[in-house]
> 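Below you'll find the structure I mean.
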Amino acid sequence: LLVPLGLIVNILTLGVGQMWADTWTIAGDNTTVLGSSWSADATDNDMTNVDGQYYLYKSQINMSSNGTLKFKVTKDHAWTNSFPQMLELD
């Protein structure tokens, strides 16, 4: 099952699209997908602002071979503001 992470994360960014000056980063537990584990300051996982919507696109992710992905969206490379409490995809 190939899952475009950008589409999933875009759904999660409800309400953050208007915060243009902020940096939003995906931090999670699957190093195969994200390259690091729970790293709020991993710039490779910074989301891109396109017309007020934030996206992170990772191509060719095979979730059936990589297990699950638990992740949060963090603001400005810090855990002070992170959303949601926890999301898990499998």
Side-chain angles (χ1 to χ4, degrees):
L1 171 66
L2 294 177
V3 179
L5 186 58
L7 295 177
I8 294 165
V9 172
N10 185 40
I11 293 168
L12 298 177
T13 59
L14 299 174
V16 299
Q18 51 277 34
M19 299 177 207
W20 291 75
D22 297 320
T23 300
W24 297 94
T25 306
I26 303 298
D29 68 340
N30 191 317
T31 57
T32 302
V33 175
L34 298 173
S36 60
S37 182
W38 294 111
S39 180
D41 60 355
T43 57
D44 286 346
N45 296 321
D46 285 353
M47 299 173 74
T48 303
N49 184 333
V50 179
D51 296 326
Q53 296 291 315
Y54 284 81
Y55 297 88
L56 174 65
Y57 186 77
K58 301 280 185 172
S59 62
Q60 301 300 313
I61 297 171
N62 187 338
M63 290 301 291
S64 61
S65 66
N66 291 329
T68 63
L69 171 62
K70 296 178 184 175
F71 67 95
K72 291 184 169 195
V73 179
T74 65
K75 178 182 173 188
D76 295 332
H77 297 136
W79 288 106
T80 308
N81 293 305
S82 59
F83 310 93
Q85 289 297 321
M86 180 70 66
L87 185 72
E88 181 174 350
L89 303 173
D90 34 32

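Every heavy atom of this structure was used, including side-chain atoms; hydrogens, water molecules and symmetry mates were not.
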> Would you name the heavy atoms of Thr74 and Ala27 that are closest together and state the gap between them?
CG2-CB, 4.2 Å
> Parallel, tilted or perpendicular for Trp24 and Tyr54, by the 30°/60° rule?
perpendicular
> As an exercise, state the distance from CH2 of Trp38 to OG1 of Thr31, rounded to the nearest 0.5 Å.
12.5 Å
> How long is the straight-line distance from CD1 of Ile26 back to OH of Tyr55, given to the nearest 0.5 Å?
13.0 Å
> Just by distance, do the side chain of Asp76 and the backbone of Thr23 share a donor-acceptor pair under 3.5 Å?
yes
> Can you name the closest pair of heavy atoms from Leu34 and Asn45 and give their distance?
O-ND2, 3.0 Å
> Closest heavy-atom contact between Ala78 and Ala40?
N-CB, 4.1 Å
> Quick one about Thr25 and Asp46 (side-chain donor to acceptor, distance below 3.5 Å, no hydrogens or angles considered), yes or no?
yes
> Using a 4.5 Å cut-off on heavy atoms from C-beta on, say whether the side chain of Leu69 contacts that of Asp29.
yes
> Keeping the roles fixed (side chain from Asp22, backbone from Lys75), state whether a donor-acceptor pair exists under 3.5 Å.
no
